[in-house]
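Let me begin by presenting the structure, written as structure tokens, before commenting on it.
Each chain gets a letter, A, B and so on, in the order the sequences are listed, and its residues count up from 1.
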Protein chains: 2
Amino acid sequence: METFLDKTLLDRGPIGTGITGKPGSTKARIERAALKLFAAQGVDGVSIKEIARACNISDGAMYRHFDSKESLAHTLFQAIHANLLSMLQDNVSPQDGLEATVRAVVTAYCELAEADPAAFAYHLTARNTVLARAGDGGADPSSLMARRISAAMATGEIPRADAELKSAMAMGVVLQAAEYRLYGRITTPLTDLIETFTDGVMAVLKTA
Amino acid sequence: METFLDKTLLDRGPIGTGITGKPGSTKARIERAALKLFAAQGVDGVSIKEIARACNISDGAMYRHFDSKESLAHTLFQAIHANLLSMLQDNVSPQDGLEATVRAVVTAYCELAEADPAAFAYHLTARNTVLARAGDGGADPSSLMARRISAAMATGEIPRADAELKSAMAMGVVLQAAEYRLYGRITTPLTDLIETFTDGVMAVLKTA
DNA sequence: AAAGCGTGTGTGATCGTTCATTCACATTCT
DNA sequence: AGAATGTGAATGAACGATCACACACGCTTT
């Protein structure tokens, strides 16, 4: 099972840089190779041998750096997720208004998607299988969004409705566009679309 | 690799009914079982044995009905996709305006998602791997949407912009919410949200 | 009615391959 | 020297797929 992700886009990520390992190290090379393969074929669609061959080491050497394939996949996801959260926290502060929060979330996603498409693609497809139901108790962008939306409803800034639903609709505006970008249906860098997305999301949130 | 799809939701589909085979037949039982497993674990995450056990036949018997696992997965996807398209064509006519078209697309997705969550979930995750790049030359809801958006831009009904981008943003409103529904983050039946989605999508499309 | 026969369906052993993982051993770094 | 890193053969399990065989029919021929 193989996807049709834009291959040139996947290579646009930080080349010698891994996620956990220091740049240039074998560990980093493994992570980078695994990330690209996981993004393109899914964790189950990639074998250890395949990852090893992609970074020119033997399959046995993989286990010097990771306990198992599952552990590698998990470590990668967690690192990317943490990175996404920290990007988000860089852009948002508690006293921000709704629109500023929306812009911060949008910005975090767009910047990650452009800076490291493979990481973003993997995060996008894996988030439902590893993050799961409230895996970290709402420490994901969508939950943050839902809380902020809820608050804005309380103040009457936007019409009252199911905050979780509105959060889904809002996230969808950005995430679906990002997915299109990964598959080459859109070619504009997402970072150029931050205001477009923010406006779109705000428009959705203002509907009754 | 397992997702955390709402299991009770997956069982809400037509129980004895398959996709291709006549209701109650072994073929239908295989399709139903495979669909649920594919939706929950991905095609690569499910073995022939697993599907066979789920519908109480031997693994060898699987091949009386399908040439291969890949073929089963492909057949299922195509059938669901065709079904989605026909639901869409039931609701839309060429002379429809933008909003009517949006409502038709939204309705098709919502009705499929509620009538057969497993089929919908599988379609959602598989569409990028099997439908691929313009697999059927734009005969998918999103491409139809993009064309209709393009037309509305030409008449000045909505601001001029990248139609493909706007289509992505519009689809995202519905699809992301549908995904939340599959994972139990939203419990409202999507068919009750058709107007909400239509309003949301229209609001997005009207932004500059 | 009984016997024969083709066809569709189901079984479970079996095939060759690939999988993730381990291990004894070699090499390189510190 | 000793630790870290790399190798590639080996292991057992699981995989997709095939096979010979068996049973249950509807059909014709006796």
Residue pair A/Val106 / A/Arg103, side-chain heavy-atom distance below 4.5 Å: no
Nucleotide C/dG12, atom P - distance to CG of B/Asp59 in whole Å: 9 Å
Contact nearer the 5' end of DNA chain D, comparing A/Lys49 with A/Ile57: A/Ile57
Nearest-angstrom distance from the residue atom CZ of A/Arg53 to C1' of C/dA20: 14 Å
Value in whole Å for how far the P atom of C/dT17 lies from CD1 of A/Ile48: 22 Å
Spacing of B/Leu37 atom CG relative to D/dC15 atom P, expressed in whole Å: 12 Å
Within-4.5 Å side-chain heavy-atom neighbours: B/Pro141 and B/Leu85: yes
Heavy-atom pair of closest approach, residues B/Gly45 and A/Asp44: CA-OD2, 3.5 Å
Closest contact, heavy atoms only, A/Thr26 versus A/His65: CG2-NE2, 3.8 Å
Below 4.0 Å: OP1/OP2 of C/dG10 and any side-chain N or O of B/Thr26: yes
First encountered from the 5' end of DNA chain C, between A/Asp44 and B/Ala61: B/Ala61
Distance in angstrom units between A/Phe66 CZ and C/dT21 P, rounded: 13 Å
Closest-nucleotide ordering on DNA chain C, the 5'-leading residue of B/His65 and A/Glu70: B/His65
Length of the CG-P vector between A/Asn56 and D/dT5, whole Å: 18 Å
5′-ward residue of the pair B/Gly60/A/Ser58 relative to DNA chain D: A/Ser58
Test item: A/Phe120 and A/Glu114 side chains (from C-beta on) under 4.5 Å apart, heavy atoms: no
Value in whole Å for how far the P atom of D/dG6 lies from OH of A/Tyr63: 15 Å
Whole angstrom value for the distance that separates C1' of C/dA26 from CZ of A/Arg64: 11 Å
side-chain N/O A/Ser47 vs C/dC19 OP1/OP2, d < 4.0 Å: yes
